[in-house]
Amino acid sequence: MRIDVVSIFPEYLAPLNLSLVGKAVRDGLLDLRVHDLRDWARDRHRTVDDTPFGGGAGMVMRPDVWGEALDAVMTPGAHLVVPSPAGQPFSQQLAADLAGTEQLVIACGRYEGIDARVVEHYAAAGTVSEVSLGDYVVNGGEVAALVVVEAVARLLPGVIGNPQSLVEESHAGDGLLEYPVYTRPTAWAGLEVPEVLLSGHHGNVARWRRDRSIERTAARRPDLLLALDPAQLDRGDLAVLSALGWSVREGGLVPPG
């Protein structure tokens, strides 16, 4: 897979040389290229922005500069990702979808964003996704690009040493949050590792983990439970939810109260 990131601050993407993403690049599992948008600016000041039509604060990134940059780096069938607080929420499912593309191009906006015609133009010719990390605003798309690349790259074959870990983590598989995990020492700061995890009984361990996953999801992300089909749940799952005040009505889960 090839990923191209275009930014006016290419140095911001340096952490992608580290850890598993950097190793994937060195092992030839990922072709990662970072580009400086200013390389496509035409004036001696390397200008990439201008004042917004209609007035208002801030500056808007020019479509002509972005157009030259994207035309230069995008290959046929490329998927363009534009980080934006007005975009769709970035999710594990979207990361999985993007991991199946041959080329991913991430356009990192700054200031008040990229001229809207850029998305309109490339959406007419291919696939474009505007994505948001959450309901907040940061200074530019680079931080989102780091997240997108990390989330996508780790799903590529061979990047994660144990593929099973991708199945058991939060937001994967059943859509629940991952259960709490423990390691040595068995006692620390007056806290003990749950006895069931030391029992060696795989069935009991699996049940305990599933129960804790459901409890954690109910407490922290009840919206994920509301999106579940109750048919996915077994009797043990329903017993845990019932103890937490949840019920099943008209084919859906209903929270307490």
Side-chain angles (χ1 to χ4, degrees), residues 1-16 30-153:
M1 180 185 191
R2 172 177 163 179
I3 300 180
D4 292 79
V5 184
V6 185
S7 164
I8 61 170
F9 296 117
E11 298 86 357
Y12 202 117
L13 286 305
L16 294 177
L30 173 64
D31 180 3
L32 177 62
R33 310 180 190 189
V34 178
H35 310 271
D36 188 343
L37 176 66
R38 295 189 190 276
D39 289 344
W40 287 276
R42 292 296 187 177
D43 66 315
R44 64 188 181 90
H45 299 294
R46 306 180 79 200
T47 304
V48 299
D49 61 335
D50 209 329
T51 55
F53 284 124
M59 303 291 280
V60 177
M61 302 192 88
R62 295 174 58 108
D64 52 344
V65 180
W66 270 108
E68 290 203 31
L70 295 176
D71 285 348
V73 303
M74 292 178 69
T75 61
H79 190 135
L80 176 61
V81 171
V82 181
S84 166
Q88 68 180 103
F90 185 62
S91 65
Q92 187 66 23
Q93 182 57 59
L94 180 53
D97 293 342
L98 295 176
T101 62
E102 291 188 9
Q103 185 194 20
L104 188 63
V105 178
I106 305 176
C108 299
R110 280 268 158 177
Y111 317 124
E112 294 303 308
I114 301 172
D115 186 299
R117 289 170 292 180
V118 172
V119 167
E120 182 180 353
H121 172 73
Y122 288 97
T127 306
V128 179
S129 297
E130 293 185 86
V131 302
S132 169
L133 295 187
D135 296 332
Y136 51 87
V137 179
V138 294
N139 289 329
E142 289 79 12
V143 64
L146 290 171
V147 171
V148 171
V149 172
E150 177 98 4
V152 170

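We number each residue from 1, following the sequence as shown.
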Which residues pass the salt bridge (charged side-chain N to carboxylate O under 4.0 Å, His left out) test with Arg44, not counting sequence neighbours? none
Would you indicate whether the side-chain heavy atoms of Leu37 and Met61 approach each other to under 4.5 Å? yes
To check you understand the geometry: which heavy-atom pair defines the closest contact between Leu80 and Ala107, and what is its length? CD1-CB, 4.1 Å
What I'd like to find out is whether the side chain of Arg46 reaches to under 4.5 Å of the side chain of Asp39, using heavy atoms alone. yes
Would you tabulate the side-chain donor-acceptor contacts of residues 52-60 under 3.5 Å, counting partners in other chains and residues two or more places apart, or write 'none'?
none

Would the distance check show the side chain of Ser129 and the main-chain N or O of Val131 forming a donor-acceptor pair, the cut-off being under 3.5 Å? no
State the CZ-CG distance between Phe9 and Asn139, to the nearest 0.5 angstrom. 9.0 Å
When you look at Trp40 and Val73, which way does the side-chain contact (heavy atoms from CB on, under 4.5 Å) test go after all the steps? CA-CA 11 Å; Trp40 287 276; Val73 303; 4.1 Å; yes
Quick check: closest heavy atoms across Ala41 and Val65, and the distance to 0.1 Å? N-CG1, 4.1 Å
Under the rule for salt bridge (charged side-chain N to carboxylate O under 4.0 Å, His left out), what residues qualify as partners of Asp115, not counting sequence neighbours? Arg117
Give me the atom names and distance for the closest heavy-atom approach of Leu94 to Pro89. CD2-O, 4.4 Å
Go through the structure and list residues passing salt bridge (charged side-chain N to carboxylate O under 4.0 Å, His left out) with Asp31, not counting sequence neighbours. Arg33
List for me each residue that meets side-chain hydrogen bond (donor to acceptor under 3.5 Å, both in side chains) alongside Glu150, sequence neighbours excluded, and say none if there are none. none
Side chain proximity check, Arg42 to Asp64, heavy atoms < 4.5 angstrom: no
Run the side-chain contact (heavy atoms from CB on, under 4.5 Å) test on Val148 and Leu104 for me, step by step, so that the C-alpha distance in whole Å, both residues' side-chain angles and the decisive distance to 0.1 Å come before the verdict. CA-CA 10 Å; Val148 171; Leu104 188 63; 4.2 Å; yes
Is there a side-chain contact between Val82 and Trp66, using heavy atoms and a 4.5 Å cut-off? no
Nearest-0.5 Å distance, CG of residue Leu16 to CD1 of residue Ile3: 8.5 Å
Contacts of type side-chain hydrogen bond (donor to acceptor under 3.5 Å, both in side chains), residue Thr127, not counting sequence neighbours: none
Considering only residues two or more places apart or on different chains, which pairs with a residue in residues 47-61 satisfy salt bridge (charged side-chain N to carboxylate O under 4.0 Å, His left out)? Asp50-Arg62
Sequence neighbours excluded, which residues qualify as side-chain hydrogen bond (donor to acceptor under 3.5 Å, both in side chains) partners of Asp43? Thr47
Residue pairs passing the side-chain hydrogen bond (donor to acceptor under 3.5 Å, both in side chains) test with at least one member in residues 101-110, sequence neighbours excluded, are Asp4-Gln103, Thr75-Gln103, Arg110-Glu142
Residues in side chain to side chain contact (heavy atoms under 4.5 Å, CB included) with Ala153, at least two apart? Val21, Leu30
Kindly indicate, with the supporting measurements, whether the criterion side-chain contact (heavy atoms from CB on, under 4.5 Å) is fulfilled by Val5 and Tyr12. CA-CA 11 Å; Val5 184; Tyr12 202 117; over 6 Å; no
Ala78 versus Val105, closest heavy-atom pair with distance: CB-CG2, 4.3 Å
Would His121 and Leu70 satisfy side-chain contact (heavy atoms from CB on, under 4.5 Å), going step by step from the backbone distance to the final call? CA-CA 11 Å; His121 172 73; Leu70 295 176; over 6 Å; no
Of all the heavy-atom pairs spanning Ala99 and Met1, show the shortest one and how long it is. O-SD, 4.2 Å
Could you tell me the separation between the CG atom of Asp97 and the NE2 atom of His79, rounded to the nearest 0.5 Å? 8.5 Å
Holding to side-chain hydrogen bond (donor to acceptor under 3.5 Å, both in side chains), I want the full list of residues that pass it with Tyr122, two or more places apart in sequence or in another chain. Asp71
Who passes side chain to side chain contact (heavy atoms under 4.5 Å, CB included) against Ala144, sequence neighbours left out? Pro83, Leu133
